[in-house]
Amino acid sequence: MQVRTRFAPSPTGFLHIGGARTALFSWAYAKRHQGQFILRIEDTDVARSTPEAVQAILDGMEWLGLDYDEGPFYQMQRMAQYKTIIQQMLADGSAYLCYCSKEELDALREQQMQQGVKPRYDGRWRPEDGKDLPVPPQGVPPVVRFKNPSTGVVAWDDLVKGRIEIANAELDDLIIARADGTPTYNFCVVVDDWEMQISHVIRGDDHVNNTPRQINMLKALGANIPQYAHLSMILGDDGQKLSKRHGAVSVMQYDEEGYLPEAVLNYLARLGWSHGDEEVFDMQQFCQWFDLDHITASAAQFNTEKLNWLNAHYIKTCPQEKLITETIKRLKAKGVFAEATSQLSDAIALYRERANNLNQLAQDIAFFFVAPVANNMDVEKHITPEALPIMSAFVTKVSKIDWSVEAIHMAMNDIVTEHQVKFPKLAMPLRVMLTGGAQSPSIDQVMFILGREVALQRINAYLS
RNA sequence: GUCCCCAUCGUCUAGAGGCCUAGGACACCUCCCUUUCACGGAGGCGACCGGGGUUCGAAUCCCCGUGGGGACGCCA
């Protein structure tokens with residue numbers, strides 16, 4: 001069977017982490033089976049859909065590298081098709097007109113809630129053999145409802161949750177076209193999944209409840225029923241549900257915050273899915289391994305610490321060229337202008353091992369390009385009166401050496417020997433003078449990259 | 001309220017009746033490396049929600065309970 005999956009976001013906001021994982025799994029499943037991955041924009045809610053949101057979703061997909069074989073399709077451009085099918089259903093009796101007003105429906109719902117029963121449409125306009133329907137009221141545009149089977153059960157073997165059965169008696173006749181004639185979500189999904197020949201519907205488990213209705217409609221249309229895989233939700237770092245109000249952020253924000261897409265992808269892949277003990281793998285590997293059998297049925301809590309760890313890994317293994325580009329961009333955002341020089345490259349090479357974030361990496365090496373403002377506590381602690389003569393001697397010595405890491409290191413050794421002090425007595429003040437802080441890689445390497453002129457200038461600023 | 005889903009270390013997870021004295025990873029702690037901080041290396045801490053079954057044997061299967069979550073729109 002040809003595997004065809006789809007990602008079908010509604011453009012009412014950015015692509016968040018949960019949507020990204022859903023897209024990732026659908027994408028990977030298609031890749032794994034040499035199938036097609038389709039992007040479909042579900043924009044039938046005209047009031048809430050925006051072109052900006054469409055763009056945000058496209059941007060997010062692109063940043064993550066989730067390419068699609070077909071689409072993006074826009075449901076608003078498929079209106080004619082939906083309406084044709086609605087007419088057919090009306091004609092063959094699988095759908096009918098309902099003249100209930102919203103007010104009537106609200107009253108019904110409220111009454112049912114009070115009685116402690118599941119709120120649902122009571123079928124007052126549903127045609128039935130031997131049943132007399134009310135007379136359609138004047139001037140009320142009807143909605144179209146799907147005539148859901150009233151008996152029996154709908155069941156499917158969910159690829160992540162196992163068999164799920166719902167009694168048709170639990171379902172009501174859902175509206176498939178609004179009073180203004182526009183089709184609703186559940187109906188459009190059905191038509192699209194059918195016509196786009198989707199073989200596997202991989203989506204969030206907030207859609208579990210829609211599935212039986214969709215299956216019933218698919219059956220009424222004589223369509224094949226796709227396989228369903230419902231993914232559990234992703235909770236925030238605090239275990240709370242993610243929402244626009246609480247913690248849900250665009251995947252693009254991870255870019256802004258200094259994460260590499262490789263890290264986000266790897267992290268997301270392991271959130272709710274596993275392949276034995278494998279933790280670190282690229283998307284090519286993931287696409288070879290990915291299966292629906294190893295998806296967890298329970299919700300997963302997001303863990304930024306682990307994402308950071310993966311980000312550190314991908315910063316270490318990232319091509320140097322990409323790191324240079326990223327760092328220049330991020331330095332610029334801090335108002336530090338650097339060019340792709342060998343000095344920048346050397347600085348990155350020296351610091352990339354210790355960074356778990358691109359913004360941090362930029363921050364760490366900014367002092368190479370802009371004189372640092374030293375931390376007062378570090379200055380007090382390390383640049384003591386006793387340190388100054390040592391530093392003076394060091395300046396004198398280092399002014400005359402060949403400019404190499406080895407020579408600088410030897411000079412440092414000579415000075416500590418001559419002054420009979422431990423190495424840190426020289427290294428620490430030097431570190432503070434050169435970098436502005438007490439933490440850095442080997443200071444001889446830092447000094448070498450900084451260059452003799454700038455290094456001496458920074459030291460002398462403390463000596464005068 | 002009604003229906004549906006879920007339940008292993010703090011977190012992500014391995015686990016398909018004996019391989020489990022429950023494995024890995026993040027975090028945390030200790031030690032090593034060391035020129036500070038990281039990185040890296042070696043250890044450590046740490047979990048099967050509760051109760052009943054089924055079975056020679058259950059983290060794994062069944063039931064009940066409890067706790068979480070989701071859905072009940074002319075939203076998607």
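Because the structure is a prediction, the values reported are computed rather than measured. Here is the naming used below: chain letters follow the sequence lines, and residue numbers restart at 1 for every chain.
Counting non-hydrogen atoms under 4.0 angstrom, A:Met233 reaches the backbone sugars and phosphates but no base.
Taking the ring centre of A:Tyr121 as origin, the terminal cationic atom of A:Arg145 falls inside the region bounded by 6.0 Å and 45° from the ring axis. For the pair A:Arg21 and A:Phe25, the cation-pi test (distance below 6.0 Å, angle within 45°) is passed.
As the counterpart of B:A25, B:U11 is assigned, both hydrogen-bonding distances of the Watson-Crick or G-U wobble pattern falling under 3.5 Å. In this structure, B:A71 forms a base pair with B:U2, meeting either the Watson-Crick or the G-U wobble geometry with both donor-acceptor distances under 3.5 Å.
Electrostatic pairing of A:Glu386 and A:Lys425 does not count as a salt bridge here, judged by no charged N lying under 4.0 Å from a carboxylate O. At a threshold of 4.0 Å, the pair A:Arg126-A:Asp172 does not count as salt-bridged, since none of the basic side-chain nitrogens sits closer than that to a carboxylate oxygen.
Residue A:Lys241 places at least one side-chain N or O under 4.0 Å from the OP1 or OP2 atom of B:G70. Side-chain nitrogen and oxygen atoms of A:Thr184 include none within less than 4.0 Å of the OP1 or OP2 phosphate oxygen of B:C75. Proximity of A:Arg109 to the phosphate of B:G73: a side-chain N or O atom is located under 4.0 Å from OP1 or OP2.
Comparing the C1' positions of B:C49 and B:G43 gives an interatomic distance of 31 Å, to the nearest angstrom. Across B:A22 and B:G10, the matching P atoms stand 15 Å from one another, rounded to whole Å. B:C19 and B:C28: their C1' atoms are spaced 31 Å apart (whole Å). Comparing B:C26 with B:G44, their C1' atoms sit 16 Å apart, to the nearest whole Å. Rounded to whole Å, the C1' atom of B:C6 lies 16 Å from the corresponding atom of B:G65. Rounded to the nearest Å, the gap between the C1' atom of B:G1 and that of B:G23 is 44 Å. If you take atom C1' in B:U21 and the same atom in B:U30, they sit 24 Å apart, rounded to whole Å. Rounded to the nearest Å, the gap between the C1' atom of B:U34 and that of B:C39 is 11 Å.
Nearer to the 5' terminus of RNA chain B, by closest-nucleotide assignment, is the contact made by A:Asp172 (compared with the other of A:Asp172 and A:His207).
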Can you build the contact string for nucleotides 5-16 of chain B? Use B for base contact, S for sugar-phosphate-only contact, and - for no protein heavy atom under 4.0 Å. SSS---SBSSS-
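None of A:Thr304, A:Asn308, A:Asn311 except one satisfies the side-chain hydrogen bond (donor to acceptor under 3.5 Å, both in side chains) rule with A:Tyr259; the exception is A:Asn308.
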Please tabulate, one pair per line, each protein N/O and nucleotide N/O from nucleotides 38-40 of chain B that are separated by under 3.5 Å, including the distance.
unit_1: B:A38; atom_1: O2'; unit_2: A:Arg354; atom_2: O; d: 3.3
unit_1: B:A38; atom_1: N3; unit_2: A:Arg354; atom_2: NH1; d: 3.2
unit_1: B:C39; atom_1: O3'; unit_2: A:Lys316; atom_2: NZ; d: 2.9
unit_1: B:C39; atom_1: O2'; unit_2: A:Glu353; atom_2: OE1; d: 3.4
unit_1: B:G40; atom_1: OP1; unit_2: A:Lys316; atom_2: NZ; d: 3.1

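Side-chain N or O atoms of A:Thr182 include none that pairs as donor or acceptor with a backbone N or O of A:Arg178 at under 3.5 Å.
Each of B:A27, B:C72, B:U35 was ranked by its minimum atom distance to the side chain of A:Pro119; first place goes to B:C72. Distance from the side chain of A:Glu170 is smallest for B:C3 among the nucleotides B:U35, B:C3, B:C26.
Ring geometry, A:Phe302 versus A:Tyr267: the interplanar angle exceeds 60°, so the pair is classed perpendicular (tilted spans 30 to 60°).
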